[in-house]
Number of protein chains: 2
Amino acid sequence: MPSAVRPPTAELAAQFALLSDPLRLQIVLALTEEQLCTCHLVDLTGAKQTTVSHHLRQLRDAGVVAGEAEGRFTWYRLTSDAFAAMLEALTGIGSVEDAPRLRPTCVG
Amino acid sequence: MPSAVRPPTAELAAQFALLSDPLRLQIVLALTEEQLCTCHLVDLTGAKQTTVSHHLRQLRDAGVVAGEAEGRFTWYRLTSDAFAAMLEALTGIGSVEDAPRLRPTCVG
DNA sequence: GGTTGATATCAACGAGTATCGATGTAATGC
DNA sequence: GCATTACATCGATACTCGTTGATATCAACC
């Protein structure tokens, strides 16, 4: 059993999927350093504005980034504990030393 | 700057992609507890044998699991530091408190 | 009010990929 | 040798999803 209540596998997989796209990952990593608005991210990534906006939408829907409108601009930042579940899961996985063989060969 | 040399974004994204499929994630999480062979994973997940085998192939190619053939069976286990890069990246992301706004609005 | 610029939405296209049935391979047991 | 079992590979299909151009929205500025 994991230390805490683990989210359903599908939900956790969806979290990892957020970081599985190079562009989205680049956006998230950039937002680690500073808040940025869409135009900055377009410049930074070299992707089209619609593409960046599309990924920002996904990240917003997932709750890992938040956008604050300020005039024509929208400043994006990472939400505080958006990656807690992933971090916990990975910590568990990463600490595996040498798993035992508990089961007999298949009953099938 | 990150603490160590960060792998290229695309490579890191590919790592996360490994955990972005519910079935693959389920397999990895199961292997955290104990070594298992394909048939066990088929029973555990309820997926078809070919599907499980397909995902094990991907995990093997990526180097995050290793299979040891033993007679008709193949025991799979997680490799030791397969998730180190992801763990480091997530730790960096997770520790973000409140990123500043360093840039002026766009030069556009 | 009209124009400009930042951003979001939509529809369509294309590439990647998960699933699955059929098949191949290799090891065990009779 | 032959049947059975565990596992892998292959080809086809279906579906997800990233990208993009067109378009809409909304604020700032003249």
Side-chain angles (χ1 to χ4, degrees), chain A residues 9-28 30-31 35-62 65-77 101 103-108, chain B residues 9-28 30-31 35-62 65-77 101 103-108:
Chain A
T9 313
E11 191 175 323
L12 190 56
Q15 299 254 57
F16 282 117
L18 288 173
L19 303 180
S20 73
D21 181 77
L23 186 52
R24 265 198 311 270
L25 180 57
Q26 196 179 355
I27 290 173
V28 167
L31 292 177
Q35 295 186 35
L36 294 166
C37 42
T38 311
C39 51
H40 292 137
L41 289 166
V42 169
D43 287 354
L44 231 73
T45 60
K48 297 285 167 67
Q49 180 264 320
T50 54
T51 304
V52 171
S53 196
H54 174 250
H55 287 296
L56 283 171
R57 173 104 162 103
Q58 290 182 248
L59 294 170
R60 247 186 302 137
D61 286 350
V65 308
E68 181 187 354
E70 186 169 315
R72 277 178 307 190
F73 305 93
T74 306
W75 288 93
Y76 280 98
R77 60 177 177 79
R101 296 184 186 173
R103 306 191 184 205
T105 48
C106 287
V107 288
Chain B
T9 313
E11 192 176 320
L12 190 56
Q15 299 253 58
F16 282 116
L18 288 173
L19 304 179
S20 73
D21 181 80
L23 186 51
R24 266 199 309 272
L25 180 58
Q26 196 178 355
I27 290 173
V28 168
L31 291 176
Q35 297 187 32
L36 294 166
C37 40
T38 311
C39 52
H40 292 139
L41 290 166
V42 169
D43 287 352
L44 232 72
T45 61
K48 294 290 166 69
Q49 181 264 323
T50 56
T51 303
V52 171
S53 196
H54 173 251
H55 287 296
L56 283 171
R57 173 101 163 107
Q58 290 181 249
L59 294 171
R60 248 185 301 136
D61 286 350
V65 309
E68 182 187 354
E70 188 169 314
R72 277 177 305 190
F73 304 91
T74 305
W75 288 93
Y76 280 98
R77 59 177 177 79
R101 296 184 185 174
R103 309 192 181 203
T105 48
C106 285
V107 289

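Here the structure is a predicted model, which means the values were calculated and not measured. Below, chain A is the first sequence line, B the second, and so on; all start at residue 1.
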Nearest whole angstrom, please: distance from the [atom2] of [N] to the [atom1] of [X].
{"X": "Trp75(B)", "N": "dC7(D)", "atom1": "CH2", "atom2": "C1'", "value": "14 Å"}
{"X": "Glu68(B)", "N": "dA6(D)", "atom1": "CD", "atom2": "P", "value": "18 Å"}
{"X": "Leu36(B)", "N": "dC7(D)", "atom1": "CG", "atom2": "P", "value": "11 Å"}

Tell me, please, which residues at least two apart from Arg57(A) pass salt bridge (charged side-chain N to carboxylate O under 4.0 Å, His left out).
->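 Salt bridge (charged side-chain N to carboxylate O under 4.0 Å, His left out) list for Arg57(A), sorted by chain: Asp61(A).
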Determine, for nucleotides 14-30 of chain D in 5'-to-3' order, which nucleotides have protein heavy atoms under 4.0 Å from the base (write B), from only the sugar-phosphate (write S), or from neither (write -).
-> ----SBBBB----BS--
Just checking Ser53(A): base, sugar-phosphate only, or nothing, at a heavy-atom cut-off of under 4.0 Å?
->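 Base, at least one base atom sits under 4.0 Å.
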Would you tell me if any nitrogen or oxygen in the side chain of Tyr76(B) comes within less than 4.0 Å of OP1 or OP2 on dA6(D)?
->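 So the side-chain polar atoms of Tyr76(B) never come under 4.0 Å of the phosphate oxygens OP1 or OP2 of dA6(D).
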For the student: nearest non-hydrogen atoms of Pro104(A) and His40(B), plus distance |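 Distance-wise, the nearest heavy atoms are O-NE2, 2.8 Å.
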Nearest heavy-atom pair of Cys37(B) and Phe73(B): which atoms, and what distance?
->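 Here Cys37(B) and Phe73(B) meet closest at SG-CD2, 4.0 Å.
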Could you tabulate the donor-acceptor pairs under 3.5 Å formed by side-chain atoms of residues 44-52 of chain B, not counting sequence neighbours?
residue	atom	partner	partner atom	Å
Thr45(B)	OG1	Leu41(B)	O	2.7
Thr45(B)	OG1	Ala47(B)	N	3.2

Sequence neighbours excluded, which residues qualify as side-chain hydrogen bond (donor to acceptor under 3.5 Å, both in side chains) partners of Arg101(A)?
->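 Residues passing side-chain hydrogen bond (donor to acceptor under 3.5 Å, both in side chains) with Arg101(A): Gln35(B), Glu68(B), Glu70(B).
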Kindly write out the residues that satisfy side-chain contact (heavy atoms from CB on, under 4.5 Å) with Ala66(B), not counting sequence neighbours, or none if the list is empty.
->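 Only Arg77(B), Thr79(B) meet the side-chain contact (heavy atoms from CB on, under 4.5 Å) criterion with Ala66(B).
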